[in-house]
Amino acid sequence: MEYNLIFIITIFLIGFVGSFISGMVGIGGSIIKYPMLLYIPALVGISAFSAHEVSGISAVQVLFATIGGVWAYRKGGYLNKGLILYMGISILIGSFIGGYGSQFMVDAGINLVYGVLATIAAVMMFVPKKGLDDIPMDQVSYNKWLAAGLALLVGIGAGIVGAAGAFILVPIILIVLKIPTRMTIATSLAITFISSIGATTGKLLTGQVLFIPAVIMIIASLIASPLGAKFGQKINTKILQWVLAILILATAIKIWLEILA
């Protein structure tokens, strides 16, 4: 693969845009960057990535993108440590299984898994969520075993596509576990960080990571993710929900059109 100035700029911009959105709405950014990495390089005339390469780059990048987001939220009081523990351990196990096992899948299989996850997340984001933000932070409760079980399943699927799972983790925490929006956004970033450790380890062990594009994406992430998190703390939570829902729906439609074509 040829690495020139156009390549570097393109990959950096993809990483910056995706990571800004990542920090703003509490996702790892792969909901945006997976299709961008899959389609944009070929459109601007540089070497195209395979689904395995995209998932490997995404896994490493998400690891660093979520560090910046969690750091920005650390003093806001929105990180639910219990939820992070229960879901974090389960998603770590699942994401390693998915990341390591993805070496045995063809590119179409990886895209199919991504399309299914994105479709489920898109549907869940449009389910009405009334009154959740009225719950005081110290009175939030949830089913611990349900949280752990769902996180394991999300981890396996997300590990396959290198996405860390935040784009489906957020609607699960919001709708199924009924956690307030801002706590969901902050906590999901921490859980996503843990998930990305497992996914990245699995991808590295199976040789699915291209290091130069990954480093470019990491640099963009460390710059853009904290900026997005700070911006996200200043806008209305309803706007955050709709931004996330639209992004997930658009990606789901694009991936399925590609699969069906």
Side-chain angles (χ1 to χ4, degrees), residues 1-3 7 10-11 14-15 18 27-63 65 90-123 150-169 192 195-217 247-261:
M1 181 168 287
E2 183 181 352
Y3 300 119
F7 178 91
T10 301
I11 301 304
I14 291 173
I27 59 177
S30 290
I31 186 69
I32 303 300
K33 281 170 281 191
Y34 187 96
M36 290 174 74
L37 283 169
L38 206 56
Y39 305 124
I40 292 178
L43 290 176
V44 298
I46 60 178
S47 299
F49 297 114
S50 68
H52 282 89
E53 291 169 341
V54 169
S55 65
I57 295 168
S58 296
V60 176
Q61 181 276 324
V62 168
L63 177 65
S90 294
I91 206 167
L92 177 61
I93 296 170
S95 63
F96 177 78
I97 293 172
Y100 188 85
S102 63
Q103 66 178 309
F104 304 109
M105 300 179 66
V106 297
D107 283 3
I110 295 176
N111 286 335
L112 178 62
V113 172
Y114 192 90
V116 170
L117 291 176
T119 301
I120 294 171
V123 172
L150 291 172
L152 178 66
L153 294 176
V154 170
I156 293 173
I160 290 173
V161 299
F167 64 96
I168 192 169
L169 198 62
T192 300
S195 173
S196 65
I197 294 172
T200 299
T201 302
K203 298 292 184 183
L204 287 171
L205 289 175
T206 52
Q208 298 181 63
V209 178
L210 296 177
F211 288 100
I212 292 178
V215 169
I216 296 171
M217 295 283 282
L247 290 176
I248 291 174
L249 180 60
T251 303
I253 292 172
K254 175 62 179 176
I255 290 295
W256 277 113
L257 287 175
E258 182 73 13
I259 292 171
L260 294 174

Spacing of Tyr114 atom OH and Leu38 atom CG [to the nearest 0.5 Å]
10.0 Å
Which atoms form the tightest heavy-atom contact between Gly159 and Ala199, and what is the distance?
CA-CB, 4.1 Å
Locate the shortest heavy-atom distance separating Met217 from Leu37; write the atom from each residue and the value.
CE-CD1, 3.8 Å
Looking only at atom types and distance, does a side-chain atom of Lys203 sit under 3.5 Å from a main-chain N or O of Ile160, one as donor and one as acceptor?
yes
Taken to the nearest 0.5 Å, the spacing of Ser90 OG from Ile156 CD1 works out to 10.0 Å
Could you check whether atom CZ of Phe96 has more than 12 heavy atoms from other residues, nucleotides or ligands sitting under 6.0 Å from it?
yes
Take Thr206 and Phe104 through the side chain to side chain contact (heavy atoms under 4.5 Å, CB included) test and state the conclusion after the steps.
CA-CA 10 Å; Thr206 52; Phe104 304 109; over 6 Å; no
Nearest heavy-atom neighbours spanning Met36 and Pro41:
O-CD, 3.3 Å
Using 0.5 Å steps for rounding, measure from the OG1 atom of Thr10 to the CG atom of Leu43.
10.5 Å
Donor-acceptor check, side chain of His52 to backbone of Ser102, threshold 3.5 angstrom: yes or no?
yes
Counting distance only, does the side-chain N/O of Thr200 pair as donor-acceptor with the main-chain N or O of Ile197 below 3.5 Å?
no
Taking atom OH of Tyr39 and atom CD1 of Ile14, what is their separation to the nearest 0.5 Å?
12.5 Å
Rounded to the nearest 0.5 angstrom, the CG-CD1 distance for Leu169 and Ile91 is 5.0 Å
If you look at every heavy atom in Gly115 and Trp256, which pair is closest and at what distance?
O-NE1, 3.1 Å
Rounded to the nearest 0.5 Å, how far apart are CD1 of Ile40 and NZ of Lys33?
12.0 Å
Correct closest heavy-atom pair for Ile110 and Val161 would be O-CG1, 3.4 Å
